[in-house]
There are 2 protein chains.
Amino acid sequence: MFHQLGRLGHMSAAPLDSSEHRSGPLLDHLARRMRLRSESVLSPLGLRPRHLVALTVLRDGGGTSQQALASTLAMDGTNIVGLLNDLESMQLIERRRSPEDRRRHVVELTDDGAKRLNEAECALASAENEVLGALEPDEREKLYLLLRRAATGTTITCEAVILEDTSPVDSR
Amino acid sequence: MFHQLGRLGHMSAAPLDSSEHRSGPLLDHLARRMRLRSESVLSPLGLRPRHLVALTVLRDGGGTSQQALASTLAMDGTNIVGLLNDLESMQLIERRRSPEDRRRHVVELTDDGAKRLNEAECALASAENEVLGALEPDEREKLYLLLRRAATGTTITCEAVILEDTSPVDSR
DNA sequence: ATAAATAGTTGGTGCTTCACATACGATCCC
DNA sequence: GGGATCGTATGTGAAGCACCAACTATTTAT
C-alpha cells in the first residue's frame with residue numbers, strides 16, 4: 001500500500017516537482033491510524049487528540065496568549081475558547097490576565113497538566129510502537145526530528161513573530 | 001513551537017520509551033496544516049482529502065476489494081461504500097464483479113482517475129512546499145520514505161495478508 | 001473625553017468525517 | 001437448506017471544526 005508500482009498512473013508528461021512524491025496522503029493516513037490507536041489510551045485520561053496537541057504546544061512553547069495559540073494551531077479563536085474551557089475545567093491549564101494587557105489571557109500548563117501530558121505520552125508508547133512499528137528506533141527518531149523541523153520551521157514566519165511578540169513570560 | 005525547552009513539563013521520574021518523543025501530535029498537526037492548505041487546490045478538482053487517500057491507495061496498490069480497501073484505510077465498510085460512490089459518480093474509479101466471487105467488487109482506478117490524481121498531485125506541490133518548507137529537498141524525500149515505510153510496513157500483518165489474499169489482479 | 005480597535009466569551013448554525021447499527025439481496029460454502 | 005460473506009442503503013450520533021453575531025472589558029488613537 002502506498003508503494004510505487006512503476007507509477008502506472010503517472011499519465012502526465014509535465015514534470016512534477018523535484019520531489020515527485022506527496023507526503024500529504026501519507027501524513028493523513030498515519031495521523032488517522034495514530035489517532036485511532038491513541039483513543040483507547042487517551043479516553044481513560046479524559047483527553048482527546050485535540051487536547052493533546054494543545055497541551056504539547058503549551059508545554060513546549062511555554063505560556064502563550066489565546067490568539068497566539070489559535071494561530072499556532074491554525075484554528076478559529078472561538079474554537080480555541082472551547083478547547084481551553086475543557087482543559088481548564090480539568091485543571092490542566094490555567095488562564096491568567098496578562099499584567100501588560102488585561103484584555104489578554106496568558107495560558108499556561110498547570111503541574112497537573114504537565115503530569116497528565118506525561119502520563120499520556122507514556123501511555124502512547126504502545127500506539128507509536130504499533131503505528132511506527134516498521135521503523136527502527138533511529139528511524140523513528142529521525143522521523144520525529146523531520147516532523148518537528150517541518151512543524152516549527154514554518155512558524156519562523158509571522159506566526160513566530162506573533163508568538164514572540166505576545167509572550168509575556170519573556171524577561172522584558 | 002514543539003521544540004523542547006529542557007522538558008520543563010517532564011515531571012515523572014519514570015523513564016519513557018527509548019524514543020522519548022511522540023510523533024503523534026506532530027503528525028496530527030502537520031496533517032491538519034497540509035489538509036488546510038490542500039483544500040483550495042483539491043476543491044477545483046472536485047476532490048476531498050478522503051478521496052485523495054483512496055485514489056492513492058488504488059493507484060499504488062492496484063485493484064482491490066472493498067473489504068481490503070476498508071481494512072487498509074481502517075474505515076468501516078459502510079463508509080467506504082459512500083466514498084466509492086462519490087468517486088464512481090465522478091468516473092474516477094470503477095467497480096467490477098470479481099469472476100472468482102461474484103459477491104465481491106474489484107475496485108480500480110480509471111484512466112480519468114489516474115489523470116485526476118496526477119493533476120491533484122501536481123497542484124499539491126504548492127501545499128507541500130509551504131507545509132514542509134523548512135525541510136531541504138533531501139529531507140523531504142527522507143520524510144516521504146519514512147512515512148511510506150511506516151504506512152506500508154505495518155500492513156505486513158493481517159492487513160497485508162487480506163490485501164494479498166483478496167487481490168484478484170495477481171496472477172493466480 | 002470619546003471613538004475605534006482589540007482580546008476574549010457565549011451561543012449558535014452548518015459541514016465534514018467518521019463509528020456504529022440494522023436490514024436487505026446476491027452469492028458462496030458446508 | 002442453512003449459515004456465512006460481500007456489498008448496499010439508510011439511519012443516528014459524535015467529534016472536529018469554520019464561521020457568524022453580539023457582547024464585555026481593555027487598550028489605543030484621535
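Reminder, nothing fancy here: chain letters follow the sequence lines and each chain counts from 1.
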Considering only side-chain heavy atoms of [X], which listed nucleotide, [options], is closest?
X        : options               : answer
A:Thr78  : D:dT26, D:dC20, C:dG8 : D:dC20
B:Arg48  : C:dA19, C:dT16, C:dT9 : C:dT16
A:Asp101 : C:dT9, C:dT10, D:dT27 : D:dT27

Sorted by chain and residue number, the salt bridge (Lys or Arg N to Asp or Glu O under 4.0 Å) partners of A:Arg96 (sequence neighbours excluded) come out as A:Glu94, A:Glu108
Does a side-chain N or O of [X] approach OP1 or OP2 of [N] to a distance below 4.0 Å, or not?
X        : N      : value
A:Arg102 : D:dT27 : yes
B:Arg103 : C:dA26 : no
B:Arg95  : D:dT8  : yes
B:Asn85  : D:dG7  : no
B:Gln67  : D:dC6  : yes

Pair B:Lys115 + B:Asp112, salt bridge at N-O below 4.0 Å: no
Any donor-acceptor N/O pair under 3.5 Å between C:dA19 base and B:Asn79 side chain: yes
- Would you say the side chain of A:Asp76 and the base of D:dA18 hold a donor-acceptor pair, judged only by whether the two atoms sit under 3.5 Å apart?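 It does not, because no donor-acceptor pair links the side chain of A:Asp76 to the base of D:dA18 below 3.5 Å.
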Remember a base hit wins even if backbone is also touched, and classify A:Arg97 as base, sugar-phosphate or nothing at under 4.0 Å, heavy atoms.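 Answer is nothing: A:Arg97 stays at 4.0 Å or more from every strand.
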(message) Could you check whether any side-chain heavy atom of B:Asn79 comes within less than 4.5 Å of a side-chain heavy atom of B:Asp76, counting everything from C-beta outward?
(response) yes
(message) Is a donor from one side chain sitting under 3.5 angstrom from an acceptor on the other, for B:Arg140 and B:Asn129?
(response)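 B:Arg140 vs B:Asn129: donor-acceptor pair found between side chains.
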